[in-house]
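Contents: one structure, followed by commentary.
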Amino acid sequence: ITVTVSDKPLQEMTFVGETNHVFGGENFTIEATTSNGLDVTYSVASGGLSLVGTEGTIGTFSIESAGEAVILLTNDGDDSFAPLNESITISIAKADQELSIESIADQSSQSATVSVNALVNSGLDLEYAVSGPATILGNIITLDGTLGTVTVTVSQSGDDNYNPVSSSISFEVVEKSAQTITFSLPETATYGTAGIALTATSSADLSVSYEVVSGPGSIVENTLILSGVGSIVVQAFNDGDADIVEASVEQTVVVEKATLTASADAQEITFGDPIPELTISYAGFVNDEDISELSELPVASTSATITSDAGSYAIDLTGGTANNYEIVLESGILTINKIVAGISISNLEFTADGSAKVPDVTTNPAGLNFQITYDGSEAAPSAVGQYLVEVVIEETNYEGSASANMTISTVLGLTNVEVQVYPNPTTNQFKVIGQESMNVEVYDLSGQYQLGGKSNEVIDVSALAAGTYIIRVGEDGIYRLRKQ
């Protein structure tokens, strides 16, 4: 044995806390302090306690079994005080058991067996005894057919943690006839279901009454009304009469949650807009109920932010609880649309010189990428003709398109030393003025002949559509005419 001798003074320990407890009681605390203010370490040396935890100077303990238990309080001391080694004895008394026995109605001498329904809060095994004109096996009483008082005694002898308990009930065996109540309920029902009609019958043709023994339900005009989720125990009974003994029977229906669908509403914004409020729609409420029935509302969220690119983003739902509803969560979609950009196409008139011709394209906002085609081809044209120019924005967050007609002609100036085309542009008619008479032919830009005439004479073009036309004068003269 090693004994440590110290010339340091001992610490004085005081504590606050109850030392007498009962098995099954709640957790309790001990608060210990020392004269020099040093912290104390708690531990269980013996007995039916467990250290739950410590906070500051307080130790919390749970009760595991009855009997005496010892709590140790220690620390290592310091330069001025010797180590602390103290103990506290805790007494834990056995708990009293709570025993309940369901009453038994008077029985007919014609009855054969009767069940004893008893329950003890400890969960320990029960023992049954009977006196009077009957015997018992387990919890089943068998009547011997004679009249008299039957007394049933139910007991539990206790154990290391519980005290013994015993209780008795009695009923009479009489010369009345027995009756049987026939009664059934569905095993399950869904919350919100219309009331369940109760249709029990008595073998003695007596009327049957009903009552809710337990659970979220009520009886209205022989109909079971479901007011919540859980098990509902219903008793069908008849009190008997001068010749018939009373009888009863219980049935249970389990009311399950109704299905409630929570759906994230679809949202649509344009790139750069703030994320809108995310809303939720519900389908499946019963009994004119609404979201006030939810103990916790679902929450909608999305990964999209104000800087997210155009596209589709999931709106996810999480959470949501309710006593009477099983909540099914359905995601939605947040669509971020592209911004419609402005497009301007200019410089659409060119003179054929063998080089490819490209019009000027500007975007708003400036500098956006785009694709340009000429009659569907990406290659810029160089040949004489009229071309449909189409411009399409190619950006992640912008969209837009525009089109215009581009003309490549042989001569952009409309006069030369030999003839003059006047007026040009024109709306209805024109004249080719020259020194001699020559044939004048009008072609569209695809080369299709439209009409003809003579120089120095008025040529009517009112029937032609507005656009650019090629004028051929004589054999070699080619000019351009704008019809408005």
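Proximity of Q11 to N75: side-chain heavy atoms (C-beta onward) are separated by under 4.5 Å at one or more points. Two residues are said to be in side-chain contact when any heavy atoms from C-beta on lie closer than 4.5 Å; D309 and I336 fail this criterion. In this structure the side chain of Y191 reaches within 4.5 angstrom of the side chain of N287, judged on heavy atoms. The shortest side-chain heavy-atom distance between N347 and V358 does not fall under the 4.5 Å cut-off. You'll find the side chain of L126 reaches within 4.5 Å of the side chain of L99, heavy atoms only. The closest side-chain heavy-atom distance from I372 to I345 is not below 4.5 Å. Residues D160 and S65 are not in side-chain contact: their nearest non-hydrogen atoms beyond the backbone lie 4.5 Å or more apart. Contact check for T19 versus T89: no side-chain heavy atoms found under the 4.5 Å cut-off.
Note that the OG atom of S263 and the CG atom of L329 stand 9.0 Å from one another [nearest 0.5 Å]. The distance from the CG atom of N397 to the OG1 atom of T270 is 11.0 Å, given to the nearest 0.5 Å. Between the CD atom in E64 and the CG atom in N161 there is a gap of 10.0 Å [rounded to 0.5 Å]. Remark: S301 OG to I275 CD1 distance equals 11.5 Å, nearest 0.5 Å. Atom CD of E268 and atom CD1 of I333 lie 12.0 Å apart (nearest 0.5 Å). If you take CD1 on I63 and CG on N27, they are separated by 7.5 Å, rounding to the nearest 0.5 Å.
The main-chain N or O of L388 is found under 3.5 Å from a side-chain atom of D375 such that the two form a donor-acceptor pair. Judged by distance alone, with hydrogens and angles left aside, the side-chain atoms of S377 form no donor-acceptor pair with the main-chain N or O of Y374 at under 3.5 Å. Not a single donor-acceptor pair under 3.5 Å links the side chain of E293 to the backbone N or O of A322. Checking side-chain atoms of Y42 against main-chain N and O of I30 turns up a donor-acceptor pair under 3.5 Å. Of the possible polar contacts, one joining the N324 side chain to the V229 backbone as a donor-acceptor pair under 3.5 Å is found. Put simply, the side chain of T302 gets close to the backbone of A314: a donor and an acceptor are under 3.5 Å apart. Side-chain atoms of K338 do not come within 3.5 Å of backbone N or O of G400 as any donor-acceptor pair. For Y210 (side chain) and L224 (main-chain N/O), no donor-acceptor pair under 3.5 Å exists by modelled atom type. Here the side chain of K357 pairs no donor or acceptor atom with the backbone of L348 at under 3.5 angstrom. Using modelled atom types, one side-chain atom of Q156 and one backbone atom of D125 make a donor-acceptor pair closer than 3.5 Å.
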Practice problem: Applying side chain to side chain contact (heavy atoms under 4.5 Å, CB included), run through V254 and E187 and close with a yes or a no. | Solution: CA-CA 6 Å; V254 178; E187 292 184 2; over 6 Å; no
Quiz prompt | Verdict with reasoning, F81 to T34, per side chain to side chain contact (heavy atoms under 4.5 Å, CB included) | solution = CA-CA 11 Å; F81 288 89; T34 61; over 6 Å; no
Exercise. Could you check T188 against E256 for side-chain hydrogen bond (donor to acceptor under 3.5 Å, both in side chains), going step by step and ending with a plain yes or no?
Key: CA-CA 7 Å; T188 61; E256 300 174 338; 4.5 Å; no
Quiz item: Given N163 and V165, is the side chain to side chain contact (heavy atoms under 4.5 Å, CB included) satisfied, shown in steps?
Solution: CA-CA 7 Å; N163 292 316; V165 65; over 6 Å; no
Practice problem: Would you please test I92 and L49 for side chain to side chain contact (heavy atoms under 4.5 Å, CB included) and show each step? | Solution: CA-CA 9 Å; I92 305 170; L49 292 179; 3.7 Å; yes
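There is no side-chain donor-acceptor pair under 3.5 Å between T113 and T142. D243 and S177 are not linked by any side-chain donor-acceptor pair at a separation below 3.5 angstrom, with hydrogens and angles left out of the test. One side chain, D316 or S331, offers a donor N or O that lies under 3.5 Å from an acceptor on the other. Residues T74 and T41 have side chains that never bring a donor and an acceptor to within less than 3.5 angstrom of each other. Judged by distance alone, the side chains of E289 and Y325 do bring a donor and an acceptor atom under 3.5 Å apart. D78 and S80 form no side-chain donor-acceptor contact under 3.5 Å, judged by distance and modelled atom types alone. Looking at T149 and E172, their side chains do bring a donor and an acceptor atom within 3.5 Å of each other. In this model, a donor atom of one side chain and an acceptor atom of the other lie less than 3.5 Å apart for Q179 and N238. Counted by atom type alone, T57 and E31 present one or more donor-acceptor pairs between their side chains at under 3.5 Å. Checked by atom type, the side-chain pair T29/T60 shows no donor-acceptor distance below 3.5 Å.
More than 12 heavy atoms of other residues, nucleotides or ligands lie within 6.0 Å of CG in N222, so this atom counts as buried by the packing criterion. For E55, the CD atom sits in a loose shell: 12 or fewer heavy atoms of surrounding residues, nucleotides or ligands are nearer than 6.0 Å. Annotation: E211, atom CD; neighbour count of heavy atoms from other residues, nucleotides and ligands within 6.0 Å is above 12.
Summarising the geometry of I196 relative to A189, their closest heavy-atom pair is CD1-CB, 4.2 Å, with the distance given to 0.1 Å. Scanning both residues, F237 and S248, for their nearest heavy atoms gives CB-CB, 3.7 Å. Of all heavy-atom pairs between F285 and I291, the closest is CZ-N, 3.5 Å. Among all heavy-atom pairs drawn from A262 and L317, the shortest one is O-CD1, 3.3 Å. Of all non-hydrogen atoms in I327 and G320, the two that sit nearest each other are CD1-C, 3.5 Å. Summarising the geometry of T54 relative to G59, their closest heavy-atom pair is CG2-CA, 4.1 Å, with the distance given to 0.1 Å.
Classification of the F28-H21 ring pair by plane angle, with boundaries at 30° and 60°, yields parallel.
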